[in-house]
Amino acid sequence: MGISPAPEVGDTVTWRRVLVTGGAGFIGSHYVRRALDAEKLATTVPFPDLSELIVLDKLTYAGNMANLGPVAHDSRLRFVHGDICDAQLLDDVLTGVDAVINFAAETHVDRSIHGPQDFIITNVVGAQTLFDACLRNDVSRVVHIGTDEVYGSIDVGSWTEDSPLQPNSPYSAAKAAAEMLVRAYHATYGMCISSTRCSNNYGPYQFPEKVIPAFVTRLLLGEKVPLYGDGQNVRDWLHVDDHCQGIDVVLNRGEPGASYNIGGGEELTNRELTAHILNSLQRDWDTCVEYVPDRLGHDRRYSVNDSRLRALGYSPKNSFAQGLADTVAWYVDHRPWWEPLL
Ligand code: NAD
């Protein structure tokens, strides 16, 4: 196995050939659209010298080629249908690639409770298979996308990156295992790899099993929304575009071997979130909300301190009020995207 030389991390880094795994999912596809269509999204250009952006995606139920529709015409985009557990395929794809961003994962906590094994296979074995392939192919830079759920639940205060990992669901346990591999691959092989631990994302193109699109689409269909337990679970909401901005900061300026929290700074109880969604669609609580039994092992509160990343230049741009209004409007306008997924 080769040992990748440390890249010149800093503003001058320009990546030419980039692999995005899981790039047909919610966050990965936003990252790809942002990279290829920066002008339209009115963001900064993360890859000024990009010659090829390869998306490798297994197209599970959560992967959707329509998510790449807006950039499908771009000659720099190459789509490869495949699995991050496939070492041979990874060797073929990684030739000449200088940066890899690993979004590929099984991501829905409820599914992990009913069927954990797929989560271990993709989120742990798949990550390890990918990291090994990056070593073999001398990839200069790897960013692994993690989650704040690896920390467990916190009643008061916020986690720093040095807080212990205490995952409570099979999903978060698998993501925590991958975080340990990130650390180990840097310490053992000198791999130039960093990870992110972001809070709950929202935005367009999110599969309608996650709470915001699930609630919006149900309300648009005239159905009630199911609120877990007492609705007092707290989440810190992060707009997907701010998350992608944070990933680029880690890619270019992150310390090898380090993890970076990424938060939106918008903590809400699920009751408050539900009220915001109802207001945006002018629906009322009593006729539209039903309480359902709580999720097993449901974490009470997540809260990250992301000052380590902010010190490198990260700063979320989207207010929750505007971001949610735009997201709800997107689902109102994009029924042909979400109706077939239900
Ligand atoms: P998603 O479920 O929308 O997309 C996952 C993508 O990975 C899909 O396109 C799927 O087809 C692909 N995939 C799954 N298994 C694969 C495999 N074995 N090989 C190749 N591709 C595979 O997920 P998302 O919400 O976009 O999340 C992306 C990443 O961000 C994940 O690693 C997730 O753990 C992390 N994350 C998400 C959130 C959130 O709020 N959505 C929060 C924190 C962290």
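Predicted model, so just to flag it, every value in this text is computed and none were measured. All ligand and atom numbering here is 1-based and tracks the order in the structure. Residue numbers run from 1 in the order of the sequence given.
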For ligand 1, run through the N/O pairs with the protein that fall under 3.5 Å and put one pair on each line.
{"from": "ligand 1", "atom 1": "2 (O)", "to": "T107", "atom 2": "OG1", "distance (Å)": "2.7"}
{"from": "ligand 1", "atom 1": "3 (O)", "to": "F26", "atom 2": "N", "distance (Å)": "3.0"}
{"from": "ligand 1", "atom 1": "9 (O)", "to": "G25", "atom 2": "N", "distance (Å)": "3.0"}
{"from": "ligand 1", "atom 1": "9 (O)", "to": "D57", "atom 2": "OD1", "distance (Å)": "3.2"}
{"from": "ligand 1", "atom 1": "9 (O)", "to": "D57", "atom 2": "OD2", "distance (Å)": "2.6"}
{"from": "ligand 1", "atom 1": "11 (O)", "to": "D57", "atom 2": "OD1", "distance (Å)": "2.5"}
{"from": "ligand 1", "atom 1": "11 (O)", "to": "L59", "atom 2": "N", "distance (Å)": "3.4"}
{"from": "ligand 1", "atom 1": "11 (O)", "to": "T60", "atom 2": "N", "distance (Å)": "3.0"}
{"from": "ligand 1", "atom 1": "11 (O)", "to": "T60", "atom 2": "OG1", "distance (Å)": "3.1"}
{"from": "ligand 1", "atom 1": "18 (N)", "to": "D83", "atom 2": "OD1", "distance (Å)": "2.8"}
{"from": "ligand 1", "atom 1": "18 (N)", "to": "T122", "atom 2": "OG1", "distance (Å)": "3.1"}
{"from": "ligand 1", "atom 1": "19 (N)", "to": "I84", "atom 2": "N", "distance (Å)": "3.0"}
{"from": "ligand 1", "atom 1": "21 (N)", "to": "K58", "atom 2": "N", "distance (Å)": "3.1"}
{"from": "ligand 1", "atom 1": "26 (O)", "to": "F26", "atom 2": "N", "distance (Å)": "3.3"}
{"from": "ligand 1", "atom 1": "26 (O)", "to": "I27", "atom 2": "N", "distance (Å)": "2.7"}
{"from": "ligand 1", "atom 1": "32 (O)", "to": "F103", "atom 2": "O", "distance (Å)": "3.1"}
{"from": "ligand 1", "atom 1": "32 (O)", "to": "K175", "atom 2": "NZ", "distance (Å)": "2.7"}
{"from": "ligand 1", "atom 1": "34 (O)", "to": "Y171", "atom 2": "OH", "distance (Å)": "2.7"}
{"from": "ligand 1", "atom 1": "34 (O)", "to": "K175", "atom 2": "NZ", "distance (Å)": "3.0"}
{"from": "ligand 1", "atom 1": "40 (O)", "to": "N201", "atom 2": "N", "distance (Å)": "2.9"}

Salt bridge present between R235 and D148 (N-O < 4.0 angstrom): no
Cation-pi, F215 ring and R283 (6.0 angstrom, 45 degrees): no
From I84 atom CD1 to F103 atom CZ, the distance as rounded to the nearest 0.5 Å: 12.5 Å
Sub-6.0 Å ring centroid separation between F320 and H276: yes
Atom CD of Q282: over 12 foreign heavy atoms under 6.0 Å: no
Whichever hydrophobic residues join V292 through chains of side-chain contacts under 4.5 Å: Y228
